[in-house]
Trainee: 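The following block contains the structure, expressed as structure tokens.
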Amino acid sequence: MICLPGGLHGMDGMDGKQERRIGLKKLLLRMVSLVLVMSMAALLFSGCSGGGEDSSGFTEDDYPVTVGNVQFDHSPTGVVVLSPSLADIVLATNYELSLVGRSEECTQEDLAVLPTVGNATAVSTDAIIALSPELVLTDQALSEEQTQTLQNAGIQVLVLQSATTREEIEVLYANVGSILGGAQTGNAKAVKVAQSIFKSLDDINRGIPESEVLVTACYLYDLDGQAATGDTLGGKLIEYAGAVNVLSDSQNGRYERQSLVLGNPTYIFCQPGVKSQLEQDEELSQLAAVQEGRVFEMESSLMQWQGYTLMDAVIFMAGSMYPELLENSSSQEASSEPSSEEGTDSQPSSDASSEAPSDSSSQQDASSQASSSSGQNPFPAGTVLQYGDTGENVTKLQQRLYDLRYLYNEPNGTFDDATQEAVVNFQFQMTMDGKYNHLADGVANDELFELLFADDVQPRV
């Protein structure tokens with residue numbers, strides 16, 4: 001049985017963003033272990049071209065940078081984001097420290113501490129000005145009056161429209177990275193993150209079991225004509241998940257009821273609340289997906305936001321349509337997951353940043369650095385590190401993963417999303433090498449440490 005996280009309704013009825021987040025992570029990790037399809041693209045330690053790096057971490061070629069019609073002479077010291085999708089990209093590229101405010105639609109839990117400045121239909125320029133940002137980042141143009149008011153206060157407004165294709169998303173990431181991290185440093189970092197996400201989607205798609213039966217699906221925002229059509233990113237995510245989108249010929253996020261009826265999808269994914277409407281609709285209740293109990297409710301944000309949420313959407317849909325991917329995973333997961341109180345290293349590291357290597361390290365330097373520290377496992381027996389832990393031990397783990405090119409962000413002392421993915425990918429590689437025969441659960445323990453610091457461990461290529 002697939003256990004769906006809260007916010008993905010239709011099977012277990014769980015609620016809350018934390019349950020949704022944890023549930024999606026577990027689903028991802030089980031898929032990785034069982035079908036060996038999840039591996040993030042290697043992010044090489046290549047230096048930026050041009051001049052040297054200053055104390056801020058930027059190179060002399062990073063600024064000025066121009067995006068759209070706005071020029072930036074330095075990284076904005078404060079940014080207000082009015083788009084949840086752009087906020088998702090900022091989080092994926094680890095530039096969230098630039099943010100000082102958000103719109104109410106930006107509901108990511110990592111941004112919950114930020115003050116809000118109204119919603120998409122009622123943005124408060126007074127609230128924005130009170131936060132003293134240098135930039136407002138949005139995917140929808142503000143009114144001329146609002147834009148002028150902010151510009152008069154010395155605040156730039158930049159509109160970066162949401163992307164609909166893989167290539168457009170890479171450009172969007174490049175723009176966000178260039179603004180927040182520089183034309184060289186930030187651009188390269190953000191593009192690598194975008195490429196990594198899509199490599200993961202490719203891997204998931206390659207792991208879909210072959211079938212002689214055509215699997216069709218759709219995503220419905222409502223029954224009034226809004227859906228993930230063929231020209232939208234959401235429509236393409238359905239294809240990554242291993243199905244033919246029956247509304248692929250529809251355009252601009254709009255569909256005709258007759259197209260849905262004729263398409264008669266095998267699976268229907270929909271906004272929470274739509275399932276009951278389908279069941280009560282005289283005509284649509286006769287669809288195969290409704291008749292056979294293959295309607296799955298999933299928050300629409302998963303089909304629209306463009307950070308790591310892209311993977312969440314594909315993982316959920318693929319896991320729902322191909323439950324054989326997850327067979328026999330429950331007992332493995334139960335035997336490998338430690339209790340929530342076990343092995344937590346809760347003291348924050350005071351020198352995490354000082355231990356981080358420079359992004360300009362060459363591949364040869366990284367290889368020799370990894371080799372020189374191999375065989376020197378610094379962790380006492382019985383140490384367990386997992387998602388949410390903080391402290392010096394986490395920094396040591398991150399440093400080793402960074403040296404071996406499994407972790408693409410510099411160590412920060414927090415076992416976060418990127419760290420968990422790096423551990424999973426290392427477990428994945430060790431499984432491929434025949435050295436690891438357990439669930440790729442993203443938890444670091446004695447066995448993983450021994451492999452991580454073994455004399456023959458090789459940096460990722």
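Treat the numbers as computed from the prediction; the structure is a model and nothing was measured.
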Trainee: Just by distance, with hydrogens left out, do Asp403 and Gln399 show a side-chain donor and acceptor under 3.5 Å apart?
Mentor: yes
Trainee: Does the side chain of Gln148 pick up a donor-acceptor pair with the side chain of Asn152 at under 3.5 Å?
Mentor: yes
Trainee: Have Asn119 and Thr121 got a donor and an acceptor in their side chains that come within less than 3.5 Å?
Mentor: yes
Trainee: Minimum heavy-atom separation for Gly413 and Gln398, please, with both atom names.
Mentor: N-OE1, 2.8 Å
Trainee: State, with a plain yes or no, whether a side-chain heavy atom of Leu82 is found less than 4.5 Å away from one of Val123.
Mentor: yes
Trainee: Is it the case that Asp222 and Gln271 place a side-chain donor and acceptor less than 3.5 Å from each other?
Mentor: no
Trainee: From Leu97 CG over to Leu180 CG, what is the distance, rounded to the nearest 0.5 angstrom?
Mentor: 11.0 Å
Trainee: Return yes if some donor-acceptor pair links the side-chain N/O of Arg102 with the main-chain N/O of Leu111 below 3.5 Å, else return no.
Mentor: yes
Trainee: Among Met311, Lys236, Glu239, which residue meets the side-chain contact (heavy atoms from CB on, under 4.5 Å) test with Leu201?
Mentor: Met311
Trainee: Let me confirm one number: the CD-CG distance from Gln251 to Asp249, rounded to the nearest 0.5 Å.
Mentor: 8.0 Å
Trainee: Would Gln108 and Asp88 count as having a side-chain donor-acceptor pair, cut-off 3.5 Å?
Mentor: yes
Trainee: Does the distance from a Lys or Arg side-chain N to an Asp or Glu carboxylate O, for Asp202 and Arg166, drop under 4.0 Å?
Mentor: yes
Trainee: Do Gln184 side-chain atoms and Tyr63 backbone N/O form a donor-acceptor pair below 3.5 Å?
Mentor: no
Trainee: For Val423 and Ala444, work out which heavy atoms get closest and say how close.
Mentor: CG1-N, 4.5 Å
Trainee: Is there a donor in the side chain of Ser124 and an acceptor in the side chain of Asp126, or the other way round, less than 3.5 Å apart?
Mentor: no
Trainee: Which pairs count as ring-ring contact (aromatic ring centres under 6.0 Å, His included) when at least one residue sits in residues 221-262, sequence neighbours excluded?
Mentor: Tyr219-Tyr221
Trainee: If only atom types and distance count, is the side chain of Thr164 paired as donor or acceptor with the main-chain N or O of Thr232 below 3.5 Å?
Mentor: no
Trainee: Would you name the heavy atoms of Leu302 and Ala313 that are closest together and state the gap between them?
Mentor: O-CB, 3.1 Å
Trainee: Would the distance check show the side chain of Glu170 and the main-chain N or O of Val191 forming a donor-acceptor pair, the cut-off being under 3.5 Å?
Mentor: no
Trainee: Should Leu278 and Leu220 be marked as a side-chain contact (heavy atoms from CB on, under 4.5 Å) after you check the CA-CA gap, both sets of side-chain angles, and the distance that decides it?
Mentor: CA-CA 10 Å; Leu278 284 167; Leu220 306 177; 4.3 Å; yes
Trainee: Judged by atom type as modelled, is there a donor-acceptor pair below 3.5 Å linking the side chain of Ser85 to the main-chain atoms of Gln306?
Mentor: yes
Trainee: Nearest heavy-atom pair of Leu452 and Arg400: which atoms, and what distance?
Mentor: O-NE, 2.9 Å
Trainee: Do you know the tightest heavy-atom contact between Tyr267 and Ser320?
Mentor: CE2-O, 4.0 Å
Trainee: Just checking, any donor-acceptor pair under 3.5 angstrom between side chains of Glu145 and Ser143?
Mentor: no
Trainee: Side chains of Thr216 and Thr266: any donor to acceptor distance under 3.5 Å?
Mentor: yes
Trainee: Could you point out which residue of Asn245, Thr229, Leu287 forms a side-chain contact (heavy atoms from CB on, under 4.5 Å) with Cys218?
Mentor: Asn245
Trainee: If only atom types and distance count, is the side chain of Gln427 paired as donor or acceptor with the main-chain N or O of Gly442 below 3.5 Å?
Mentor: yes
Trainee: Between Ile129 and Ile155, is any pair of side-chain heavy atoms under 4.5 Å apart?
Mentor: yes
Trainee: Going by atom types alone, do Thr419 and Asp416 pair a side-chain donor with an acceptor below 3.5 Å?
Mentor: yes
Trainee: If we ignore angles and hydrogens, is there a donor and acceptor under 3.5 Å between the side chains of Asp73 and Gln71?
Mentor: yes
Trainee: Answer yes or no: is there an ion pair linking Arg254 with Asp231, defined by an N-O contact shorter than 4.0 Å?
Mentor: no
Trainee: Under 3.5 Å, is there a donor-acceptor pair linking the side chains of Asp417 and Tyr387?
Mentor: yes
Trainee: Identify the heavy atoms of Glu105 and Gly118 that sit nearest to each other, and give their distance.
Mentor: OE1-O, 4.5 Å
Trainee: Under 3.5 Å, side chain of Asn175 to main-chain N/O of Leu172, donor-acceptor pair present?
Mentor: no
Trainee: Here's one to test your reading of the geometry: is the NZ or CZ of Lys189 within 45 degrees of the ring axis of Tyr95 and under 6.0 Å from its centre?
Mentor: yes
